[in-house]
Amino acid sequence: STEMDKVVISKDSAKEFTYTYLRDLSTISVTPYESTYDGKGHNVTVKGIIDGDKVEYSTDGETYSDNLSFVDVTNNEQKVYVRVTNGDQSTVVESYVLITPAPVTVKSGSAKKVYDGTPLTNTKDTSISGLVDGEKVTLTTDGTITDVGSALNTVTIDWGSVKETNYTVTYKFGTLTVTAQSIDPSDPSYLNVKVSKPENNVYDGKDHKWIPEVTLEDGTPLVEGTDFTVTYSTENFKDVQKIKVTISGTGNYSGTVTRT
């Protein structure tokens, strides 16, 4: 400990007494710093300091400086050595700084429509929350779907100058859903698909198998076996009779239409 002298003179001024005080460095305590990333500088907290104490910091126990600050996420507990010196006396206390990634949440919206041959997207409802004030990233909504089915409305992050390792990301993606377009005019999902009508034939001893034509509103033909199937109530297309033809949507199309 450092010796400090204090002179006290008695009331009668007849005697002079000298008291010697010892600096007890064992009163020094260091509190570690633990928290999530906030974009600010942090260090351990040193308590028990008095006038005359010199405080220095080191990360390796060899090279010391007056100031030490940690901003970014640390690799587990970052050791910090605190050296307190007073006169010819010194003590070193070991502590640490632990900065963990800050949580952020990326969200995207959902959307739904009847199949119409064009991609379904939703970019307007994408957001990120939890970034430290002053830090900005660029979000790109990648989700898209054209055919019947569902897909996550995924999002990618361009971190730019922001350190990705300072954050942990939770993704909450919406869902993009395309439902089948009906060929049945009575269905709500009907979008003006046209199914041709057969013509009657006079018996002539020949087969008269009618092949329906199914087209979109703009005249684009649908493909049998891919967009619709056709079944017949008979395999006899020669004799006099009524034949029921059933046209059923498949793939991106649904619903059933019958012709006689």
Side-chain angles (χ1 to χ4, degrees), residues 34-42 70-75 98-195 214-229 247-257:
E34 294 186 18
S35 190
T36 57
Y37 170 75
D38 63 3
K40 301 176 182 178
H42 298 282
F70 297 88
V71 177
D72 296 324
V73 167
T74 58
N75 183 19
L98 177 62
I99 300 177
T100 55
V104 295
T105 302
V106 174
K107 296 181 179 179
S108 63
S110 297
K112 185 177 182 179
K113 73 171 184 177
V114 174
Y115 173 79
D116 61 4
T118 63
L120 173 63
T121 61
N122 180 1
T123 60
K124 64 181 181 179
D125 297 321
T126 300
S127 65
I128 186 170
S129 59
L131 288 174
V132 167
D133 289 344
E135 295 193 340
K136 295 182 179 180
V137 300
T138 301
L139 301 179
T140 301
T141 309
D142 306 311
T144 181
I145 185 172
T146 300
D147 293 331
V148 169
S150 296
L152 292 177
N153 193 15
T154 54
V155 178
T156 56
I157 304 174
D158 181 355
W159 292 93
S161 61
V162 176
K163 285 190 176 181
E164 182 179 356
T165 53
N166 284 331
Y167 294 96
T168 55
V169 184
T170 298
Y171 293 96
K172 295 184 177 180
F173 295 144
T175 302
L176 303 175
T177 303
V178 175
T179 59
Q181 180 184 157
S182 180
I183 65 173
D184 181 355
S186 65
D187 286 346
S189 60
Y190 176 71
L191 297 179
N192 294 322
V193 170
K194 306 298 182 184
V195 179
V214 183
T215 58
L216 298 178
E217 185 177 20
D218 63 2
T220 301
L222 300 188
V223 178
E224 182 178 354
T226 299
D227 301 318
F228 66 94
T229 61
I247 303 98
S248 300
T250 189
N252 291 318
Y253 297 88
S254 63
T256 298
V257 173

Fill in: Ser186/Asp184 under side chain to side chain donor-acceptor pair (under 3.5 Å): CA gap, chis, key distance, verdict
CA-CA 5 Å; Ser186 65; Asp184 181 355; 2.9 Å; yes
Response to the item:
Output for pair (Asp227 CG, Asn252 CG), nearest 0.5 Å, gives 7.0 Å
Worksheet entry | Tyr171 vs Ile157 side-chain heavy atoms within contact, under 4.5 Å | yes
Worksheet item: Thr74 side chain to Ile99 main-chain N or O, any donor-acceptor pair under 3.5 Å?
Response: yes
Worksheet item: Ignoring hydrogens and geometry, is there a side-chain-to-backbone donor-acceptor pair from Glu34 to Leu98 under 3.5 Å?
Response: no
Discussion item. Against Val73, only a single residue in Thr165, Asn166, Thr168, Thr100 fulfils side chain to side chain contact (heavy atoms under 4.5 Å, CB included); can you say which?
Written reply: Asn166
Worksheet item: Between the side chain of Asn153 and the main-chain N/O of Gly109, is any donor-acceptor distance below 3.5 Å?
Response: yes
Practice prompt. Please name the pair of heavy atoms, one in Asp72 and one in Lys163, separated by the smallest distance, quoted to 0.1 Å.
Written response: OD2-NZ, 2.6 Å
Worksheet item: Do the ring planes of Tyr167 and Tyr37 sit parallel (below 30°), tilted (30 to 60°) or perpendicular (above 60°)?
Response: perpendicular
Response to the item:
Interatomic distance, CG@Asp218 vs CG@Leu216, rounded to 0.5 Å, equals 5.5 Å
Worksheet item: Is a side-chain donor or acceptor of Asp38 paired with a backbone partner of Lys40 at a separation under 3.5 angstrom?
Response: yes
Worksheet item: Can you check whether Lys112 reaches Thr179 side chain to side chain, under 4.5 Å on heavy atoms?
Response: yes
Practice prompt. Examine distances only and state if a side-chain atom of Ser182 and a backbone atom of Tyr190 form a donor-acceptor pair shorter than 3.5 Å.
Written response: no
Worksheet item: Could you give the distance from CG (Leu152) to CG (Asp142), rounded to the nearest 0.5 Å?
Response: 11.5 Å
Item to complete: Check for a donor-acceptor pair, side chain of Ser108 on one end and backbone N or O of Gly174 on the other, with a separation under 3.5 Å.
Response: yes
Item to complete: Answer whether the closest heavy-atom distance between the side chains of Thr118 and Lys113 falls below 4.5 Å.
Response: yes
Worksheet item: If we only count heavy atoms from C-beta on, is the Val193 to Val214 side-chain gap below 4.5 Å?
Response: yes
For residues 125-133, dump all side-chain donor-acceptor pairs below 3.5 Å to protein atoms at least two apart in sequence or in another chain.
| unit_1 | atom_1 | unit_2 | atom_2 | d |
| --- | --- | --- | --- | --- |
| Asp125 | OD2 | Asn122 | ND2 | 3.1 |
| Thr126 | OG1 | Thr141 | OG1 | 2.6 |

Worksheet entry | Exercise: identify the closest heavy-atom pair between Val114 and Gln181 | CG1-CA, 3.5 Å
Worksheet item: Do the non-hydrogen side-chain atoms of Thr250 and Thr229 ever get within less than 4.5 Å of each other?
Response: yes
Worksheet, complete the sentence: Leu176 and Ser110 have their tightest heavy-atom pair at CD2-C, 4.5 Å
Worksheet item: Within a strict 4.5 Å, meaning less than it, do heavy atoms of the Thr144 and Leu120 side chains meet?
Response: no
Worksheet item: What is the distance from atom NZ of Lys136 to atom OG of Ser161, rounded to the nearest 0.5 Å?
Response: 11.0 Å
Fill in: Minimum heavy-atom distance Tyr253-Ala180, with the two atoms named
C-CB, 3.9 Å
